[in-house]
Amino acid sequence: MQEYLKKQIEKALRQIQPDLDMPEITIEKPRSPDHGDAATNVALTLARTLKNNPRTIAQEIADHIDLSSGYITSVEVAGPGFINFRFSDTWLTDRLAEARHSGVSFGRSRIFENQSIQVEFVSANPTGPLTVGHGRNAVLGDTVARVLEWAGARVEREYYFNNAGRQMRVLSESVRTRYLQALGHDVSFPEGGYEGAYISEIAENVRRKHGDELLGEEHIPVFREAAENGIFEDIKRTLERMNISMDSFFNENTLYEDGSIDKVITLLRENDLIYETDGATWFKTTRFGKDKDTVLIKSSGEPTYRLPDIAYHINKLERGFDLVIDIFGADHIATYPDVISGVKACGLDSKKIDVVVYQFVTIVKDGKPFKMSTRKANFVTLDELMDEVGADVTRFFFLMRAPGTHLEFDINEAKQAGEKNPVFYLQYAHARIQSIMRKVRENYDFNGTEPDFRMLTHDSETTLIKRILEFQEIIELTATSREPHKLINYLNDLATAFHKFYHDCRILGEMDDLAFARSELLTVTARVLANGLGILGITAPDRM
RNA sequence: GCGCCCGUAGCUCAACCGGAUAGAGCAACUGCCUUCUAAGCAGUAGGUUACAGGUUCGAGUCCUGUCGGGCGUACCA
């Protein structure tokens with residue numbers, strides 16, 4: 001429709017001013033329904049070049065719009081010079097019939113067709129259970145992946161982790177200490193060690209399996225492995241509960257084993273972007289506009305995390321993805337420019353890397369901000385949260401808000417959210433429709449195959465139809481902006497339109513043709529709700 | 001100090017590329033269930049979009065400055 005309108009406007013403009021430089025014509029949906037179904041501001045933008053009053057221009061364009069197709073019923077000039085269009089019922093009902101025929105795939109788009117996209121998210125090192133702090137990352141990443149799939153892309157979900165660093169050393173030390181303590185040895189807990197109860201559990205498992213055979217320091221790898229495996233299993237189970245399934249887990253270590261790390265250094269050195277000072281190896285990030293150079297290899301010989309980060313992103317691009325998306329918390333934002341610089345310096349197309357940065361979740365507990373620390377075992381796990389409110393509410397909570405805003409997560413409120421939680425509004429709409437449909441099937445036996453949607457003339461009906469028809473556009477908008485809350489806002493509007501319809505229009509008791517048209521309208525509505533909730537990874541229940 | 005993000009109703013947040021009268025939910029108040037799920041619908045009230053300038057036909061949105069909050073600014077990850 002947008003394209004059609006643009007063409008009509010262009011045609012009108014050409015008639016008025018044949019030698020005009022065709023401006024960019026934007027069609028938007030007016031905020032207020034009083035202003036019609038679509039509007040354009042071309043007249044306003046042309047006012048300057050045409051040296052004429054915008055309203056006059058608008059009127060002239062409006063007069064030249066061809067209404068013969070029957071899709072547009074009115075063209076009006078309004079406000080400072082907007083041109084408002086109103087769609088005809090024919091257009092609406094034709095599109096609705098199309099939507100009905102496209103069945104379960106209604107809403108699918110092809111704007112990312114033939115694109116292979118990787119989304120990397122969660123990527124928490126296996127040092128402890130996933131907390132609500134990780135939740136926003138996990139849910140955002142998975143939902144971005146889902147919506148990109150709906151927009152036509154092939155998507156791979158990857159979890160990147162490091163099981164070799166300092167964190168993991170401290171972790172195995174912590175487990176070992178608990179093990180020794182359980183065997184009655186008087187050893188003090190390591191400074192900065194991981195204090196969570198899960199550490200003792202892992203230690204206990206090791207003890208059950210190996211008894212007291214592991215007293216010597218040479219057995220540390222056993223503890224490390226036990227910790228990593230146990231924790232990773234937990235993490236995977238938590239993700240599964242949240243309806244998240246990874247396609248691959250990428251161990252940072254492989255970048256050392258396959259020589260990628262050395263290759264990055266070599267390439268940077270060839271480009272004269274590397275130098276050594278004080279025994280450390282530096283990357284000339286000042287060449288890329290940074291105010292300081294960056295250490296890639298410490299004087300201890302150990303790389304900083306930026307080096308593998310660069311190698312990892314090169315690795316991703318070399319795997320042939322058309323687009324690589326990182327889901328980053330605000331604390332990682334500073335590393336992003338270095339990675340881009342590194343990738344660029346190694347001759348790869350850094351434009352294929354896109355980062356979704358989300359702001360931190362402020363945990364509020366008992367009315368006070370709650371600072372979490374995995375080491376101090378001071379955290380609320382995602383599992384605990386899901387025990388309280390379920391996976392649907394958990395996902396919804398993290399997706400409701402734009403990634404770029406600080407999200408306040410009140411634990412107490414979420415726990416007692418129960419039925420006033422906004423996710424139920426959407427699920428209720430779906431369940432309500434299914435309930436109606438069950439009754440419709442009991443009471444009617446429609447013999448036609450094609451409903452006559454022209455029967456649907458009530459305001460609540462046309463509003464609902466218009467909402468339904470926006471679905472695909474919203475998916476595309478959500479996929480390109482990578483902002484799932486836009487889909488949520490849309491589904492809320494859709495549910496509102498349905499509930500209003502429910503209030504105003506009945507099916508049971510109506511004549512067959514109207515009942516058929518209405519029930520098919522609801523079938524499509526339910527499908528949009530189910531598809532939309534599916535993209536959010538949330539269930540669409542048939543009963544509540 | 002410097003860099004990035006945020007500041008919108010009492011609270012939590014929307015607002016597509018700069019568009020028309022800044023919208024929802026929660027909380028408050030008022031109506032609507034003998035008929036398809038009241039987990040709903042309709043309505044009332046609530047605002048100097050942190051503040052001060054600027055850009056223009058038009059600014060919550062863009063620019064500059066101030067204030068407030070978060071994060072970063074390590075040879076930590």
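The sequence lines fix the lettering, A, B, ..., with proteins before strands; numbering per chain opens at 1. Below, each value reflects all heavy atoms present in this structure, side chains not excepted, and no hydrogens, waters or symmetry copies.
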Show the numbers, then the answer: is there a side chain to side chain contact (heavy atoms under 4.5 Å, CB included) between E476(A) and I111(A)? CA-CA 7 Å; E476(A) 291 169 356; I111(A) 55 168; 3.5 Å; yes

May I have the step-by-step check of side chain to side chain contact (heavy atoms under 4.5 Å, CB included) for T335(A) and R306(A), ending in yes or no? CA-CA 7 Å; T335(A) 86; R306(A) 278 160 214 264; 4.3 Å; yes

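Side-chain nitrogen and oxygen atoms of Y358(A) include none within less than 4.0 Å of the OP1 or OP2 phosphate oxygen of C5(B). When the side-chain nitrogen and oxygen atoms of K486(A) are compared with OP1 and OP2 of C13(B), none of them lie within a distance under 4.0 Å. Residue K439(A) places no side-chain N or O under 4.0 Å from the OP1 or OP2 atom of U35(B). The side chain of H485(A) places an N or O atom within less than 4.0 Å of a non-bridging phosphate oxygen (OP1 or OP2) of A15(B). Between S435(A) and U37(B) there is a side-chain N or O to OP1 or OP2 distance below 4.0 Å. K298(A) has a side-chain polar atom (N or O) that falls below the 4.0 Å cut-off from OP1 or OP2 of C76(B).
Taking the ring centre of Y502(A) as origin, the terminal cationic atom of R432(A) falls inside the region bounded by 6.0 Å and 45° from the ring axis.
The same atom, C1', is picked in U44(B) and in U49(B); the two are 23 Å apart, to the nearest Å. Atom C1' of U61(B) sits at a distance of 16 Å from the matching atom of A20(B), rounded to the whole Å. Rounded to whole Å, the separation between the P atoms of A24(B) and A9(B) comes to 16 Å. With P as the reference atom, C71(B) and C29(B) are 38 Å apart, rounded to whole Å. For the C1' atoms, the distance from C26(B) to G58(B) is 34 Å, rounded to whole Å. If you take atom P in A45(B) and the same atom in G23(B), they sit 14 Å apart, rounded to whole Å. Taking the P atoms as reference points, G1(B) lies 35 Å from G47(B), given to the whole Å. Remark: the separation of the C1' atoms in G18(B) and G60(B) is 11 Å, to the nearest Å.
A syn orientation is assigned to C17(B), its glycosidic angle lying within 90° of 0. Look at C33(B): its glycosidic torsion is within 90° of 0, and that puts it in the syn range.
Taking atom CD on E28(A) and atom P on C16(B), their separation rounds to 10 Å, with Å as the unit. Atom pair Y502(A):OH and C33(B):P shows a separation of 14 Å (rounding to whole Å applied). Distance CZ (F396(A)) to C1' (U12(B)): 13 Å, rounded to an integer number of Å. Atom CZ in F82(A) sits about 13 Å away from atom C1' in U21(B), given to the nearest Å. Separating the CG atom of L307(A) from the P atom of A77(B) is a distance of 11 Å, rounded to the nearest angstrom. Atom CG of L426(A) and atom C1' of U37(B) are 16 Å apart (whole Å).
Using a 4.0 Å heavy-atom cutoff across all strands shown, D309(A) reaches no nucleic acid atom at all. Within the 4.0 angstrom heavy-atom criterion, base atoms lie near N41(A). Among the protein residues, T405(A) comes within range of the sugar-phosphate backbone only, with heavy atoms under 4.0 Å from sugar or phosphate atoms but none that close to a base. Contact annotation for N162(A): backbone-only contact, meaning every heavy-atom pair under 4.0 Å involves sugar-phosphate atoms and none involves a base. If you check every strand for non-hydrogen atoms under 4.0 Å, R166(A) touches sugar and phosphate atoms only. Across all strands, H499(A) comes closer than 4.0 Å only to sugar-phosphate atoms, never to a base (heavy-atom distances). Counting non-hydrogen atoms under 4.0 angstrom, K29(A) reaches a base of the nucleic acid. When heavy atoms are screened at a 4.0 angstrom cut-off, A402(A) is found touching the sugar-phosphate backbone but no base atom. At a threshold of 4.0 angstrom between heavy atoms, the contacts of N125(A) are confined to the sugar-phosphate backbone, with no base atom among them. Y425(A) comes within 4.0 angstrom of sugar-phosphate atoms only, judged by non-hydrogen atoms across all strands, and of no base. Looking at heavy-atom distances under 4.0 Å, L407(A) makes contact with sugar-phosphate atoms alone, never a base. Residue-level contact check: A334(A) touches the backbone only, with heavy atoms under 4.0 Å from sugar-phosphate atoms and none from bases.
Side-chain rings of Y428(A) and H499(A) approach one another, their centers coming within less than 6.0 Å. For Y160(A) and Y312(A), the ring centers sit closer than 6.0 Å to each other. If you look at F249(A) and F232(A), their ring centroids are closer than 6.0 Å.
Nearest nucleotide to the side chain of H503(A), out of G40(B), C36(B), G70(B): G40(B). Considering only side-chain atoms of F424(A), the nucleotide from C41(B), C71(B), A39(B) that sits closest is A39(B). Listed nucleotides A77(B), C5(B), C17(B) differ in distance to T26(A); the shortest reach to its side chain belongs to C17(B). For R401(A), whose side chain is taken as the heavy atoms from C-beta onward, the closest listed nucleotide among C16(B), U12(B), C5(B) is U12(B).
Among Y444(A), F453(A), F446(A), the single residue meeting the ring-ring contact (aromatic ring centres under 6.0 Å, His included) criterion with F516(A) is F446(A). Exactly one of V264(A), L268(A), D293(A) qualifies for a side chain to side chain contact (heavy atoms under 4.5 Å, CB included) with I274(A). That residue is L268(A). Applying side chain to side chain contact (heavy atoms under 4.5 Å, CB included) to L5(A) and the options I83(A), I72(A), D37(A), I25(A) leaves one that passes, I72(A).
Here H35(A) lies parallel enough and close enough to stack on the base of A20(B), with planes under 30° and ring centres under 5.5 Å apart.
A salt bridge links R224(A) to E228(A): at least one charged side-chain nitrogen sits closer than 4.0 Å to a carboxylate oxygen.
Taking for each of P80(A) and V440(A) the nucleotide of RNA chain B with the nearest heavy atom, the 5'-most of the two is the partner of P80(A). Between A495(A) and A431(A), it is A431(A) whose nearest contact on RNA chain B lies nearer the 5' terminus.
C16(B) is unpaired under the criterion used here, namely a Watson-Crick or G-U wobble arrangement in which both key atom distances are under 3.5 Å. Across all strands shown, C2(B) forms a Watson-Crick or G-U wobble pair with G72(B), both key distances being under 3.5 Å. If you check U61(B) for Watson-Crick or wobble pairing at under 3.5 angstrom, you find it has no partner at all. With a cut-off of 3.5 Å on both pairing distances, U37(B) has no Watson-Crick or G-U wobble partner at all. Shown here, U66(B) forms a base pair with A50(B); the pair counts as Watson-Crick or G-U wobble because both key distances fall under 3.5 Å. Pair assignment for A42(B) gives U30(B), based on Watson-Crick or G-U wobble hydrogen-bonding distances that are each under 3.5 Å. U8(B) is unpaired under the criterion used here, namely a Watson-Crick or G-U wobble arrangement in which both key atom distances are under 3.5 Å.
No hydrogens or angles were tested; on distance alone, nothing pairs the side chain of Y428(A) with the base of A39(B) as donor and acceptor under 3.5 Å. H332(A) contributes no side-chain N or O that forms a donor-acceptor pair with the base of G72(B) under 3.5 Å.
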